[in-house]
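Just so it is clear, the values below take in all heavy atoms, side chains as well, and ignore hydrogens, waters and symmetry mates. Indexing begins at 1, ligand by ligand and atom by atom, following the structure's order.
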Amino acid sequence: SPHPTTLIPYAERIKFHTNPTAIKILEIMDRKKTNLAVSVDVTSAKEALEVVRRVGASVCMVKTHCDIFEDFTPAFTEELLRLSKELDFVIFEDRKFADIGNTVSLQYSSGIHKISTWSDLTNAHSVPGPGIIAGLSKVGLPLGRGLLLLGEMSSAGSLAVGGYTEQTFKMAQDAGREFVIGFIAQNRIDKPEKIGEGEDYLIMSPGVGLSAKGDSLGQQYRTPRECVVESGADVIIVGRGIYGVEGGEEAVKSEAERYREAGWKAYEERLGR
Ligand code: 6AU
């Protein structure tokens with residue numbers, strides 16, 4: 001039987017959240033009819049912004065790996081922020097923090113990237129224990145930011161399975177939902193028997209492709225329907241399937257729209273519409 005959260009429309013889940021970023025994501029999803037996040041994993045910040053201009057209207061979220069860019073400057077984040085307001089999306093820096101609380105608080109706030117100053121959402125591995133949440137929360141919570149824990153991964157042979165996944169869920173639950181708003185996962189790891197009334201988490205799934213089944217480095221793809229209907233994901237994250245499509249600027253734009261439609265159709269199917 002379907003997970004109870006997946007039977008509730010995105011807009012109706014807003015009332016279960018206090019974190020401003022969680023609320024913003026759900027509002028945008030409802031307003032723009034999209035559960036698509038695009039990952040712009042190109043090595044040029046200039047090129048990344050071009051992709052964002054093409055796909056921005058189709059997405060609820062733009063995901064970055066700012067340490068990939070050869071030409072990263074604060075001007076990049078200024079323009080990304082401007083586009084996020086113009087085209088109405090949330091920014092997710094996929095930093096995958098994985099150190100002790102003190103170190104991650106510095107990595108989040110400082111250095112060249114100053115992630116906390118421009119990224120609405122970021123993510124962290126649970127390996128170090130709850131101190132990682134405390135360290136990131138110290139920086140991000142006053143700014144209204146949100147955090148996702150990695151409960152599972154899309155790659156073959158991942159160690160984030162079974163008891164690790166269960167303990168990651170428990171760690172998030174113990175931290176409370178003021179800052180931790182959900183998970184990167186392949187399934188609804190917030191098992192119905194483990195959650196209380198109104199305890200709502202956002203599940204975001206990478207490893208999504210309409211044509212490829214994987215890559216040569218362990219990535220594994222599922223369709224938007226498999227993610228959203230069969231596994232109950234709330235957001236689908238697509239990288240190469242969109243920015244890597246052949247055929248130039250217009251092809252990237254129309255591919256984003258194709259994934260948006262597939263993701264939204266799957267969402268309506270799970271609601272029984
Ligand atoms: O669609 P792709 O394969 O081109 O890109 C998938 C994106 C990449 C990965 O770093 C990221 O999603 N990712 C993550 C995230 C979002 O945390 C976790 C994971 O398990 N698998 C995965 O691919 O930017």
Checking heavy-atom distances from atom 22 (C) of ligand 1 to each of Gly207, Pro206, Gly244, Gly218, the winner is Pro206
If you have a sec, work out which protein heavy atom is nearest atom 20 (O) of ligand 1 and how many Å separate them, to one decimal?
-> Ser154 N, 2.8 Å
Does an N or O from Gln186, backbone or side chain, lie closer than 3.5 Å to an N or O of ligand 1?
-> no
What atoms in ligand 1 come closer than 4.0 Å to a heavy atom of Arg240?
-> 1 (O), 2 (P), 3 (O), 4 (O)
To the nearest 0.1 Å, how far is atom 1 (O) of ligand 1 from its closest protein heavy atom, and which atom is that?
-> Gly239 N, 2.9 Å
Return the residue, atom name and 0.1 Å-rounded distance of the protein heavy atom closest to atom 23 (O) of ligand 1.
-> Gln219 NE2, 2.9 Å
Side-chain heavy-atom pair Val208, Pro224 within 4.5 angstrom cut-off | yes
Below 3.5 angstrom, do we get any N/O pair linking Tyr243 and ligand 1?
-> no
What pairs with Phe89 under ring-ring contact (aromatic ring centres under 6.0 Å, His included), at least two apart in sequence or on another chain?
-> none
Numbered in order shown, the ligand 1 atoms found under 4.0 Å of a heavy atom of Asn123 are 17 (O)
Name the closest protein heavy atom to atom 5 (O) of ligand 1, giving the residue it belongs to and the distance to 0.1 Å.
-> Asp41 OD2, 4.0 Å
Could you check which of Ile237, Asp94, Thr64, Val40 puts a non-hydrogen atom nearest to atom 11 (C) of ligand 1?
-> Asp94
Given side chains that start at C-beta, do those of Met204 and Met61 come closer than 4.5 Å, heavy atoms only?
-> yes
Under 4.0 Å, heavy atoms only, figure out whether ligand 1 is touched by the backbone of Leu150, its side chain, both or neither.
-> side chain
Counting from 1, what ligand 1 atoms have a heavy atom of Ser39 closer than 4.0 Å?
-> 7 (C), 24 (O)
Should the heavy atoms of other residues, nucleotides or ligands under 6.0 Å from NZ of Lys32 be counted, would the total exceed 12?
-> yes
Worked verdict on Leu83 versus Glu86 for side-chain contact (heavy atoms from CB on, under 4.5 Å) | CA-CA 5 Å; Leu83 287 168; Glu86 180 191 318; 4.3 Å; yes
What protein heavy atom is closest to atom 3 (O) of ligand 1, reported as residue, atom name and distance in Å?
-> Tyr221 OH, 2.6 Å
Ranked by distance from atom 10 (O) of ligand 1, the top protein heavy atom is His65 NE2, 3.0 Å
For Ser155, is at least one N or O under 3.5 Å away from an N or O on ligand 1?
-> no
Measure the CG-NZ distance between Leu150 and Lys96 for me, rounded to the nearest 0.5 Å.
-> 6.0 Å
Does His3 use its side chain to pair, donor to acceptor, with the backbone of Asn187 at less than 3.5 Å?
-> no
Would you call Asp71 and Lys46 a salt bridge, taking side-chain N to carboxylate O under 4.0 Å as the test?
-> no
Filtering Lys63, Met153, Lys96, Glu152 for the heavy atom nearest atom 14 (C) of ligand 1 leaves Lys96
Given side-chain contact (heavy atoms from CB on, under 4.5 Å), test Ser231 with Gln186 step by step and report yes or no.
-> CA-CA 7 Å; Ser231 300; Gln186 300 293 297; over 6 Å; no
Take the angle between the ring planes of Tyr267 and Tyr10 and call it parallel below 30°, perpendicular above 60°, tilted in between.
-> parallel
